[in-house]
2 protein chains.
Amino acid sequence: MYRMVEPTVLYLLATGKAQYGYELMEKAHETGLTDSEIDAGAIYRTLSALEENGYVISRWDAGTSGPARHVYEITQAGREHLAEWAVLLRRLGTSMTQFADACDNLR
Amino acid sequence: MYRMVEPTVLYLLATGKAQYGYELMEKAHETGLTDSEIDAGAIYRTLSALEENGYVISRWDAGTSGPARHVYEITQAGREHLAEWAVLLRRLGTSMTQFADACDNLR
DNA sequence: AAGGGTATATGCTATTAACAGATAGCTATG
DNA sequence: CATAGCTATCTGTTAATAGCATATACCCTT
């Protein structure tokens with residue numbers, strides 16, 4: 001999990017697969033970027049940072065069973081930011097695969 | 001450059017493309033894992049850590065022009081460690097590419 | 001002798017996530 | 001009705017990593 005929390009959160013919000021912290025935490029592994037569960041602290045701090053930067057907006061929803069939820073929605077700027085992440089991650093992913101190939105050719 | 005210094009150093013030592021810190025710093029971008037130059041401090045600290053863990057061994061070489069060089073050689077354990085990195089990076093790389101695909105399919 | 005390139009090393013800082021725990025609402029169970 | 005457990009958010013602290021800066025020093029050229 002190296003810097004994958006932010007793109008994971010943006011993606012889940014963009015697809016509507018999750019809307020608030022606790023749900024993001026449970027569904028984070030669905031993106032494939034992380035095998036294990038993402039730490040709750042990382043989720044909540046990432047959401048705060050995203051909101052500060054205008055990539056998401058939030059409201060409180062007390063109309064469900066259980067404690068109130070801080071519900072998030074991705075903004076247009078957030079979608080663009082996710083698209084930038086996608087470009088970066090594709091480049092990184094390609095590099096890593098090529099590096100792994102080169103390592104395998106060592107023996 | 002997130003956690004790529006260690007595999008980059010091991011790879012360059014394994015292939016013989018570099019033997020000491022300063023040279024590693026100059027040739028680090030050749031692996032493709034990093035576009036820019038790796039920080040010198042990161043290189044030297046990584047080499048120390050690798051030696052502590054038995055992944056490389058070192059000797060001083062004062063027999064060249066210029067200041068003495070701390071020359072490193074990868075060990076068998078180091079090669080195995082690099083192979084583990086390759087497995088991990090292939091998995092990460094595949095995940096990132098798939099994530100990027102999914103993001104591109106959002107629009 | 002002065003400056004520049006080679007070479008190693010350490011101090012400090014910023015970022016990120018991991019670990020841990022506090023708070024609190026709601027629900028089911030005994 | 002007490003209490004245990006799940007849902008939910010948030011913060012404090014620490015560890016790992018890399019970036020930036022600096023110190024030291026050798027050697028060669030001008």
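Numbered from 1 within each chain, the chains take letters A, B, ... in sequence-line order.
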Nucleic acid contacts of residues 12-29 of chain A, taken as heavy-atom distances under 4.0 Å to DNA chain D: Tyr20(A), Gly21(A), Tyr22(A)

Is any side-chain heavy atom of Leu24(A) closer than 4.5 Å to one of Thr8(A)? no

Any side-chain N or O of Tyr44(B) below 4.0 angstrom from OP1/OP2 of dA9(C)? no

Set of side-chain hydrogen bond (donor to acceptor under 3.5 Å, both in side chains) partners for Glu80(B), sequence neighbours left out: Gln76(B)

Any chance you could list the contact pattern along nucleotides 20-29 of chain D? Use B for base contacts, S for sugar-phosphate-only contacts and - for none, protein heavy atoms under 4.0 Å, 5' to 3'. B-----BS--

Is a donor on one side and an acceptor on the other found under 3.5 Å between the side chain of Thr34(A) and the backbone of His29(A)? no

I'd like a list of close polar pairs between nucleotides 1-4 of chain D and the protein, N/O only, cut-off under 3.5 Å.
none

Under the salt bridge (charged side-chain N to carboxylate O under 4.0 Å, His left out) rule, collect the residues that match up with Arg90(A), sequence neighbours excluded. Asp101(B), Asp104(B)

Tell me the interatomic distance from Ile38(B), atom CD1, to dT17(D), atom P, rounded to whole angstroms. 14 Å

Trace of the side-chain contact (heavy atoms from CB on, under 4.5 Å) decision for Leu89(A) with Leu33(A): CA-CA 10 Å; Leu89(A) 291 178; Leu33(A) 275 188; 4.1 Å; yes

Of all residues at least two apart in sequence or in a different chain, which pass the side-chain contact (heavy atoms from CB on, under 4.5 Å) check with Glu6(B)? Leu10(B), Thr46(B), Leu50(B), His81(B), Trp85(B)

At a heavy-atom distance below 4.0 Å, what parts of residues 46-58 of chain B sit against DNA chain D? none

Which residues satisfy the side-chain contact (heavy atoms from CB on, under 4.5 Å) test with Tyr22(A), sequence neighbours excluded? Tyr20(A), Met25(A), Glu26(A), Tyr44(A)

Whole angstroms only, please: what is the CD-P distance between Glu37(B) and dT6(C)? 11 Å

Please list, chain by chain and in numerical order, all residues satisfying salt bridge (charged side-chain N to carboxylate O under 4.0 Å, His left out) with Lys17(A), sequence neighbours excluded. none

So side chain to side chain donor-acceptor pair (under 3.5 Å) across residues 51-64 of chain B, not counting sequence neighbours, yields Glu51(B)-Ser58(B), Ser58(B)-His70(B)

How far apart are the closest heavy atoms of Ser65(A) and Arg69(A), and which atoms are they? O-NH2, 4.4 Å

Those residues at least two apart in sequence (or on a different chain) that pass side-chain contact (heavy atoms from CB on, under 4.5 Å) with Arg91(A) are Leu88(A), Asp35(B)

Take atom CD1 of Ile43(A) and atom C1' of dA18(C), then tell me their distance rounded to the nearest Å. 13 Å

Non-neighbouring partners of Leu106(A) that pass side-chain contact (heavy atoms from CB on, under 4.5 Å), sequence neighbours left out: Tyr11(B), Ala14(B), Thr15(B), Leu82(B)

